[in-house]
Amino acid sequence: MLLDKHTVRCHQVNKCAVRLPSQDENVLQFSHYSNKIKVPFAIYADIESILMKCDGLSDENRNTKLFQKHIPFSIAFYLKCAYDDSLSKFLLYRGADCVTWFINQLRSIAIWADNIFNNPLPMEQLSAAQLLDFENATHCHICEKPFLANEIRCHDHCHFSSQYRGPSHQKCNVNYKDTHVIPVVFHNLSGYDAHFLISELATGMPGQIKILPLNKEKYISFTKYVENTNVNFRFIDSFRFMSSSIEKLSSYLGNDKKTITRSQTGNETEFNLLTRKGVFPYEYIDSWEKLDEAQLPAQHHFFSFLTNDGVSDQDYKHALNVWNSFSIKTLGQYSDLYLKTDVLLLADIFENFRYTCQQTYKLDPLHYYTAPGLAFDAMLKITEVKLELLTDIDQVMFVEKGIRGGITQCSTRYAKANNKYMNEGYRPDLESIYLVYFDVNALYGATMCEFLPYGEFCFLDHFDTLDIFTVIYHFYLDEGIDDESFKLLDVATVKEIIIKAGPRLIFLRKFEDWKRLNSITHLEISQEDAISLASTSTVTLSESNVTTYQPDDELTHILEQALNQSISVSPPVPSLKSIFGDQGLEGILKANPEGKIALLKKGKLSNDLRHKISKIVINYFISNAEASGKKEIRASEFLQAAEEIVRLFPQEEIGTYYTPYSAPKQGLRRQPARGMLYSRYVNVKAALRLVCSEKRLSCDSEVEIATTSSASDDDDLNFISKNVEPISKVFSLWEQSFPKRAKYLKEPLDTVFEKFPALKCQYGLELVRSYMIIINFVTLDQDCEVLLCLSTLFSPTTVKKGSTGSYRPTRVEVQESFFFHVENFGELEQKIEHIRSKLEKYKLPFQPVGVVVGAVGSKQFEYYIVLNEVQYKVDGGPVRCLELLYKIYHGMNLEYPVESKQVWEFLQEMVFKTKLTTKSSGTSSVITDITYHLSKSDN
């Protein structure tokens, strides 16, 4: 059925088979760094023709009437050398065989240039300043990217002039090759000059010719490969870069920029006469005899039937002045000077265009066929954008079918105005009607200034469920814009972001709801109103953040439904009773300078601000406890304080600040109380005890408990850092020494594993689990197919890694960074080595990953966690493996792998019920879509 639909659409759009890029090659970015090199040789040329009348050549049987036959009678060219102007030269020839002469000249130039290309010059001896510049260079002058540590640098130099150009990467230097293409530039090549050249070029010089056609008669460009040389001539049309006449283009240049024209004149008087394009009696010269006339034709002979216009008195006077100043004897000599002026002005115009492009884009336009090609490459280079190419034929046809053109009009057959601005005929009792006529200029240009998509293209099954507010909100968070700034978003900016009125109205409505919700903590409302508001709000404060986790069947069901897109989120209800008295938490924070900073960053707290909030809250608790004579702070007070923090900062999670003690259950170890508030409290109490102990020790030396305890902790830490058995003792000391080991939580994995060798043992996984301070989970078993397919929900995204460039993982690489399958341990070793070498290339760490080992078709599978080259066997199914992986990441304070970050964000929020402060747009889109499908299935 799908194939039938595709076939119908495909035959409507496509005339031939379509080849699409593969998944590994679907990114388009700037790569033509060699186009920065100035083309060493360029030829600027023009042809003049006799316009022979065809009165006697007309054929009565033909529908087309022959008017003129154009016969080339002279040709001129200017060879421009970019590195040595002494090699530049101007040549002109007049005669019936002028085209043959020009082809022979090109052949001679090809042999001469080939000798230069094949004999590169060595680099000049560098000066002290150049050597110092090379040693201190931080960026490659070719790709403009920084050098990495211990990276090989090269001295790049011009092979024609020996001049040192700058330091470069070794790879850049190898690929930075001089072109062997010599551009031959004609103005209006496609429309005129190519007709005289193409036949003689194909037959008069040995070598292949390739064309870039518009149709059978008109060519954008054509290239001649000269046999027995490495040189080829590319004929291009300067009119495709600057679509105006030579006369108008030369008027834009000041005389100081017409250096080529000046170099070919004898004095200032001659130069001033040649700086403007002259006039020529094209249609008067209809025979070879006219070229031998000894005087300038009369003014009326300069009339052109093509333009239906003649020349002005001023232009004719200028022509007479040129004839006399250059002592011209015949009309043929006048045509030579006219042709020479055209060629030299064309050379000056295009050389100035080259200079401007190299200053602006650092690209030479002579490497390109047309201005659009140059502009597109310049865009890729300047913006550094990476365009994702479509690899789905249905997406390609969807875009092509949507292309519209021509006149578009929405009209009513009859309309009659009726409004208060009419002088007469206005009827107030009828509806007001206005007739409006819009005359809008530059619609196409204005459209081209709008933003365009560049990647992550996909079909939406349910566009109406796209949460556009969530997408834009998280985009702003990703760009570092906090909630306070996001609130300032005005309607004009929204109109620029969201063009269509429907989605824009949906966004604005949700935006207003969001602003009211975020200002709830600043309103003075009754408790009844607050509870009513909380029951309808979407602030995600859930009791699941404090209590335990889902039962086996429910979590298994969530994972099974992931691919079917059916996961739901239960609405939370926060507690609103304050433990901080009348002033509330906000009042306490306002009274503290650090608290004021936290309130300003309410939308997105950093870890440092979380610690500062915890410090302010614990200081408040301890002060009140001392005043009231209480010795300890109860668990309920910690929990209530955490709830108030989350109420004031909706993006936060209760578990970040406090999770109560949980007893051992179902084979899991007990979990002590934890969170920033509790950790701060324990540290402050320990510091107070230490201070009190030191004071007592200074007065009475009989107390030595603090010193003994500290030494005991050091002994415990020293034992587990050197021993791997007896296992029971290692386990016991491992739990007791947690406060001492906490400092290693910020260290790289290599450091932790070297410090504690017991982690490398098979029972090390149990030690790793004791790091974990996340919510407890029950042991689960489930088939691993869901985990092996979970990554397919998400489109791979490009990861920028600073100086190492960008990295866009494939779907296979995304899966390999999360959970993958191998058939045996030999394959596992190879896979790990392959992944590690690839990550080292992009300076990325090898993060913990889950593995299922077993032959395809077999029911005997084993599950492992690979952590710092150690393979831990997991007793249980794949979901148990996933649970431990999640604990490892959070307990050891590790970042999610950049390749599968979207997968882990999805699991954290939807499976483990831990809210994210920020998440990628891809994750938000999947969560929204899945939630929608579950709600539909429930209905």
Side-chain angles (χ1 to χ4, degrees), residues 45-59 64-77 90-102 186-197 239 244-251 261 270 272-346:
D46 195 13
I47 296 175
E48 294 299 339
S49 302
I50 293 174
L51 277 59
M52 184 179 294
K53 292 182 174 57
C54 297
D55 296 337
L57 300 177
S58 298
D59 189 347
T64 302
K65 182 180 180 181
L66 300 179
F67 179 66
Q68 292 173 338
K69 182 180 180 180
H70 291 234
I71 303 172
F73 71 86
S74 67
I75 189 167
F77 70 87
F90 173 82
L91 292 175
L92 181 146
Y93 179 81
R94 175 159 43 97
D97 59 344
C98 62
V99 175
T100 303
W101 171 87
F102 179 62
F186 284 83
H187 202 64
N188 194 25
L189 171 77
S190 301
Y192 190 75
D193 303 274
H195 296 84
F196 304 121
L197 296 170
F239 194 81
S244 190
S245 66
I246 293 290
E247 181 181 10
K248 184 169 289 186
L249 293 171
S250 64
S251 68
T261 304
E270 292 182 357
N272 290 331
L273 289 173
L274 297 183
T275 50
R276 57 165 288 186
K277 192 179 187 303
V279 291
F280 192 76
Y282 291 102
E283 299 184 22
Y284 175 75
I285 301 179
D286 55 5
S287 65
W288 290 94
E289 289 76 14
K290 294 284 182 72
L291 295 173
D292 296 329
E293 292 184 358
Q295 62 181 6
L296 190 69
Q299 184 174 351
H300 68 274
H301 287 306
F302 284 82
F303 183 84
S304 172
F305 289 97
L306 181 65
T307 61
N308 198 30
D309 194 14
V311 296
S312 64
D313 295 339
Q314 184 179 1
D315 287 338
Y316 186 73
K317 184 178 179 180
H318 173 73
L320 287 172
N321 192 14
V322 170
W323 184 285
N324 296 325
S325 298
F326 284 88
S327 302
I328 294 174
K329 303 301 182 183
T330 64
L331 192 55
Q333 290 182 3
Y334 180 80
S335 72
D336 292 343
L337 182 61
Y338 177 82
L339 179 58
K340 179 179 180 179
T341 304
D342 271 3
V343 172
L344 295 179
L345 287 177
L346 173 62

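All values derive from a computational prediction rather than experimental measurement.
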For the atom pair OG (Ser327) and CD (Gln333), what is the distance rounded to the nearest 0.5 Å? 9.5 Å

Can you check whether Glu270 reaches Phe326 side chain to side chain, under 4.5 Å on heavy atoms? yes

Just verifying a value: how many Å separate Ile246 CD1 and Asp46 CG, rounded to the nearest 0.5 Å? 7.5 Å

Residues which pass side-chain contact (heavy atoms from CB on, under 4.5 Å) with Tyr93, listed by chain and number, not counting sequence neighbours: Asp97, Cys98, Trp101

Non-hydrogen atoms of Ile328 and Val322 that approach each other most closely: CD1-O, 4.0 Å

Side chain to side chain donor-acceptor pair (under 3.5 Å) partner of Tyr284, chosen from Lys290, His301, Glu293: Glu293

Could you please spell out the steps behind the side chain to side chain donor-acceptor pair (under 3.5 Å) verdict for Ser287 and Glu289? CA-CA 5 Å; Ser287 65; Glu289 289 76 14; 3.3 Å; yes

Quick one: pull up CG in Leu274 and CG in Leu337 and give me the separation to the nearest 0.5 Å. 5.5 Å

With side chains defined as the heavy atoms from C-beta onward, is the minimum distance between Leu320 and Leu296 less than 4.5 Å? yes

To the nearest 0.5 Å, atom CG of Asp286 lies from atom NZ of Lys53 at 4.0 Å

Looking at side-chain heavy atoms only, is the closest gap between Ile50 and Lys69 below 4.5 Å? no

Hey, are Thr275 and Asn272 close enough side-chain-wise for a donor-acceptor pair under 3.5 Å? no

Minimum heavy-atom separation for Phe302 and Pro281, please, with both atom names. CE2-CD, 3.3 Å

Tyr334 versus Phe280: any side-chain heavy-atom pair under 4.5 Å? yes

Output the distance between atom CZ (Phe73) and atom CG (Leu291), rounded to the nearest 0.5 Å. 5.0 Å

Between Val279 and Tyr316, is a side-chain contact (heavy atoms from CB on, under 4.5 Å) present by the stated rule, with each step listed? CA-CA 8 Å; Val279 291; Tyr316 186 73; 5.9 Å; no

How far does OG1 of Thr341 sit from CG of Asp336, to the nearest 0.5 angstrom? 10.5 Å

Which is it for Ser74 and Glu48 under the side-chain contact (heavy atoms from CB on, under 4.5 Å) test, yes or no, and what are the steps along the way? CA-CA 5 Å; Ser74 67; Glu48 294 299 339; 3.5 Å; yes

Sequence neighbours excluded, the answer for side-chain contact (heavy atoms from CB on, under 4.5 Å) partners of Ala294 is none

List the atom of Glu247, the atom of Ser250, and the distance in Å for their closest heavy-atom pair. O-OG, 2.9 Å

Asp313 vs Gln299 side-chain heavy atoms within contact, under 4.5 Å: yes

Under 4.5 Å between any side-chain heavy atoms of Ile75 and Leu92, yes or no? no

In the structure I gave you, are the side-chain heavy atoms of Leu189 and Phe239 within less than 4.5 Å of one another anywhere? no

Please examine the side chains of Ile47 and Phe186, heavy atoms only from C-beta on, and report whether any two atoms are closer than 4.5 Å. yes

Run the side-chain contact (heavy atoms from CB on, under 4.5 Å) test against His70 and tell me which residues pass, sequence neighbours left out. Ser49, Leu51, Gln68, Tyr192, Phe196

Apply side-chain contact (heavy atoms from CB on, under 4.5 Å) to residues His187 and Leu249 and explain how you reach the verdict. CA-CA 11 Å; His187 202 64; Leu249 293 171; 4.0 Å; yes

Correct closest heavy-atom pair for Val343 and Ala45 would be CG2-C, 4.2 Å

Provide the closest heavy-atom pair for Gly310 versus Phe303 in the form atom of the first, atom of the second, distance. N-CD1, 3.7 Å

Verify side-chain contact (heavy atoms from CB on, under 4.5 Å) between Trp323 and Leu331, making sure each step is shown before the conclusion. CA-CA 9 Å; Trp323 184 285; Leu331 192 55; 4.2 Å; yes

